[in-house]
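Starting from 1, each residue takes its place in the sequence as its number. All values reported here derive from a predicted model rather than from experimental measurement. Counting convention: from 1, in listed order, for ligands and their atoms alike.
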Amino acid sequence: MVGKLLIIGFGPGSFDHITKRAQEAIQESDYIIGYKTYVELIENLLTDQEIISTGMSEEVSRAQAAVRVAEEGKTVAVISSGDAGVYGMAGLVYEVLIEKGWKEESGVSVEVVPGISAINSCASLLGAPIMHDACTISLSDHLTPWELIEKRIDAAGQADFVISLYNPKSGRRTRQIQEAQRILLKYREPNTPVGLVKSAYREREEIVITDLENMLNYDIGMLTTVIIGNSSTFLYDNKIITPRGYQRKYTLNTKDQRLKPHERLRKENEPWALHKGKNDMTNVETEASEAEKVGDVPHTTSLELAEEALSLLDGVSAERQGVKTVSNPMVSIFEFAISPGIVNKQFSPKQMIALAEVVGEEGSIEYTTHHQMHLRIPTANPEVITEKIKNAGFIIEPLGDVFQLKACDFCDGEKKDSIPYAEELHQNLSGLELPKGLKVGFNGCGMACYGAVNDDIGIVFRKGKFDLFLGAKTVGRTAHAGQPVAEGIEPNKIVEVIEKIIYEYKEKGHPNERFFKYFKRVEKIQGFVHQDMTPKIEIEPAPCGD
Ligand code: SAH
């Protein structure tokens, strides 16, 4: 009969945080082997298991005993706090097995049952300090030379990892944590947030939020995990938060991030990433790091210098308050659309120059299908940019799920009677957030050569009055024009009619529901009855069969 080794991590120490599999595994076993304190922690789970509990430093003999009993055909649970594979018993048990020439096929069976490690349980009590690239370092130099530990602290400090220190201090080992602090202060600000969690999720739990400079003024012991933030970690309402990314993207005027999933990974939206190919932003990165090597500041415009100065000031005031708070003005990608006018489609040379200056070397300009320029500009100060764009006479529009008006050029103003209505609609509704992006086409004569009938809502001026088209499906195999729902709407009514339709959709549309789908679902919008415009055409399969 082949025995079984269950190597179990039971989490931080509270019953609620033991996994179901760990509970079952403990109950399945004939023997429990573990450090006394840990056996006591799981006492309530035990039925008739035999307990082999040992002292703290007897890990090797514990592993040997476990293997021996398993080889006798028993099921043996070896328990570790947190995760058994993180400074726990898992590696040790495997080492003992390997020493004996164990092979999975023929030897005792082994199952490692994962548990919540201290880095996770302690982080959860501090806010969200880990979030980004992080590492664990044990300061115990009983089994690892201090020289190597020192090297790892240094490297982690330099590489800006969030660091979780296990085994930070004991009765005899008191200098290690002092050394760790000294090394990290070479790379991190004294006000870098630090969390000290003692006995997470146990009876004597203690949580301290402090900073790198002051962390040694608090009690740190064998049951403490020390979590040290990276250079962007900040403190908010007594929580330690490490931002998910170093750079953020934001758009004009909208609360949420409006980059569509497929747009987020584009090169121009992530200029800081390592991209393939030659003609990309990696050159910029190389230049920046070269500059840093010679002690230069990579950013040189007066705006950036001013921002840097401000951020230093911010740092000073935060320091006075103690721990570092939200301060660094992060460069983010600012995204929005511009056009030279609602009716005007012409750019002046002066406007082109202003545009080039604002966008600079690192931004991008994309001409869209909606007669707009889509700008993406890395900046820490979007207001300065919008100001310059407005001064150049552009119309600025947010991106994302908002109202957008596309008007024709009214034959360069010759057919100008309806222009005021287009402008009024733009003024009243521009940037209005909606369940899904909504394009309203506004054309100045019955020709509708700017394709208003193919927009979500089409408005066509004809013989002094307006025709209205609703619910075009602009993309896909079943694309179709909007349904003509009314003709001859009086000019003094058109703005009101359109606003009512749009506000109804805003209020009652489901998130992400396109206008044509909404119209189809509710069947009637502001009295206009839906008719199915989906083309009913049988498409023959291709002769070749695919
Ligand atoms: N296997 C364990 C780690 C064992 S090393 C795990 O994955 O969590 C022992 C160290 O773990 C302690 O010195 C302490 O730094 C940390 N630790 C373990 N349990 C903890 C708890 N409940 N609260 C805080 N730190 C804990």
> What's the verdict on ring-ring contact (aromatic ring centres under 6.0 Å, His included) for Tyr236 and Phe234, showing C-alpha distance, side-chain angles and the deciding distance?
Replying inline: CA-CA 7 Å; Tyr236 180 85; Phe234 61 87; 7.2 Å; no
Any ion pair linking [Y] and [X] (charged N to carboxylate O, less than 4.0 Å)?
| X | Y | result |
| --- | --- | --- |
| Glu24 | Lys20 | yes |
| Arg21 | Glu28 | yes |
| Lys436 | Glu513 | no |

Would you mind listing which atoms of ligand 1 come within a distance below 4.0 Å of any non-hydrogen atom of [X]?
| X | result |
| --- | --- |
| Tyr87 | 4 (C), 5 (S) |
| Arg202 | 19 (N), 22 (N) |
| Val197 | 24 (C) |
| Cys122 | 23 (N), 24 (C), 25 (N) |

What protein heavy atom sits nearest [atom], and how far off is it?
| atom | result |
| --- | --- |
| atom 11 (O) of ligand 1 | Tyr166 CD2, 3.3 Å |
| atom 26 (C) of ligand 1 | Thr225 OG1, 3.5 Å |
| atom 12 (C) of ligand 1 | Met222 O, 3.1 Å |
| atom 17 (N) of ligand 1 | Ala118 CB, 3.5 Å |
| atom 23 (N) of ligand 1 | Ala200 N, 2.8 Å |
| atom 9 (C) of ligand 1 | Asn167 OD1, 3.3 Å |

>> If we set the cut-off at 4.0 Å for heavy atoms, which region of Leu223 has an atom near ligand 1: side chain, backbone, both, or neither?
In response: backbone
> Under a 4.0 Å heavy-atom limit, does Ser138 contact ligand 1 with its side chain, its backbone, both, or neither?
Replying inline: neither
> Which residue from Gly221, Ser117, Ser80 reaches closest to atom 6 (C) of ligand 1 through any of its heavy atoms?
Replying inline: Ser117
>> Let me confirm one number: the CD1-SG distance from Ile130 to Cys135, rounded to the nearest 0.5 Å.
In response: 9.0 Å
> Under a heavy-atom criterion of less than 4.0 Å, does Ser199 contact ligand 1?
Replying inline: yes
Min N/O separation [X] to ligand 1 under 3.5 Å:
| X | result |
| --- | --- |
| Val86 | yes |
| Leu165 | no |
| Thr224 | yes |
| Ala84 | no |

